[in-house]
Asks: 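I am attaching a structure below and will ask some questions about it afterwards.
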Amino acid sequence: MESHHQSWDELQTFSRPGQVEFHRHEGLIYCEVNNQQCRGRFYLLGAHVTDFHPRHTRQPLLFMSEAANFREGSPIRGGIPICFPWFGPHDVDENAPAHGLVRQKMWALKEVKSTDEQTQVLLVNDTEHFHVAYRVTFAETLETDLMVHNTTDSTQRFEVALHTYFRLSDVNHVTVRGLEYVAYLDQLTGETVPESGEPIRFTRETDRVYLQTEDPIEIQDPGFHRRIRIEKKGSESTVVWNPWTTKAQRMADFGDYEWPSMCCIETANVGNQAISLEPDERHHTVAIHSVSS
Ligand code: BG6
């Protein structure tokens, strides 16, 4: 697949002082957006959104690890990695990177549209079988829309996850609602667990793929006095993950004591809910994140 390296001069054509500005960090280029509703940040590496902070809230929405790597070929830990065209380990190639190809590649910025109230950016990438276009709207809400277009002349299948890391006051005290009546595949045991009727409360390492879920999900975080709502379209799976203590220690790009400050709720289509696209067909996976008190 291609890794696009856009020149600094080309990126400057999208720049609007005070609203859309480009900066360098450890050899990577990121873009800082500012409008009346929020501020945000994304890297060209992985089209990775690393910050979204609506002005009506005290805390930023997204968790970023202090141990995150910022270099091409390595994914960024935190924010919103894009997992595509497979999720988790590759089916047959054990040397292929986990979670697909695009989170460690450079994307190209194609468009920036801004008003006083919102900033919308479009980033693109091409893999062997697909054209991928990612539209992110930084406004009072954060909308992420990943469009996948089958550019071949045969049916193609893919998995996808918008692997959002949410910043929490303390994972021990948050409650996740919206998945009470949904069965899940426990990735730690390989078992399918039936619906419980109970909201999720984290008490240990958690790695679950909820199946057939299209309803909005809400994270209630009493410590930050806020509720985060995730609405989705074109996504039938939801992944819920927290590494807890031991796995946190095993991850080189994640601090040993950071696990209470995050959880991932991923807007996805994985496993049996992978998407099949006919030639020239397109699919959108959309997540809209909002915060209220
Ligand atoms: C989650 C998976 O989506 O991502 C977990 O369900 C995995 O199994 C986690 O550990 C992090 O993956 P990575 O490749 O970013 O370390």
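Atoms within a ligand are numbered from 1 in the order they appear, just like the ligands themselves.
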Asks: In terms of heavy-atom contacts, does CG of Asn272 have more than 12 from other residues, nucleotides or ligands at under 6.0 Å?
Replies: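 No.
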Asks: Hydrophobic cluster mates of Val286, side-chain heavy atoms under 4.5 angstrom, ILVMFWY only, any path?
Replies: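 Listed partners: Ile288.
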Asks: Taking distance alone, no hydrogens or angles, what donor-acceptor pairs closer than 3.5 Å link side-chain atoms of residues 59-67 to residues at least two apart or in another chain?
Replies:
unit_1 : atom_1 : unit_2 : atom_2 : d
Gln59  : OE1    : Arg167 : NE     : 3.1
Gln59  : OE1    : Arg167 : NH2    : 2.8
Ser65  : OG     : Ala67  : N      : 3.0
Ser65  : OG     : Asp253 : O      : 3.2
Ser65  : OG     : Glu258 : OE1    : 2.6

Asks: Tell me which residues fall inside the under-4.0 Å heavy-atom shell around ligand 1.
Replies: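 Lining ligand 1: Arg77, Phe87, Ala98, His99, Arg103, His163, Gln187, Asp207, Val239, Trp241, Lys247, Glu266.
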Asks: For a quick check under 3.5 Å, do Gln36 and Arg55 share a side-chain donor-acceptor pair by atom type?
Replies: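 There is no such pair between these side chains.
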Asks: Evaluate Gln156 against Ser154 for side chain to side chain donor-acceptor pair (under 3.5 Å), listing each step before the verdict.
Replies: CA-CA 6 Å; Gln156 299 294 339; Ser154 55; 3.1 Å; yes
Asks: If you group Ile, Leu, Val, Met, Phe, Trp and Tyr whenever their side-chain heavy atoms sit less than 4.5 Å apart, what else falls in with Leu211?
Replies: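 The other cluster members (ILVMFWY side chains, heavy atoms under 4.5 Å, direct or chained) are Phe87, Leu185, Val209, Val239, Val270.
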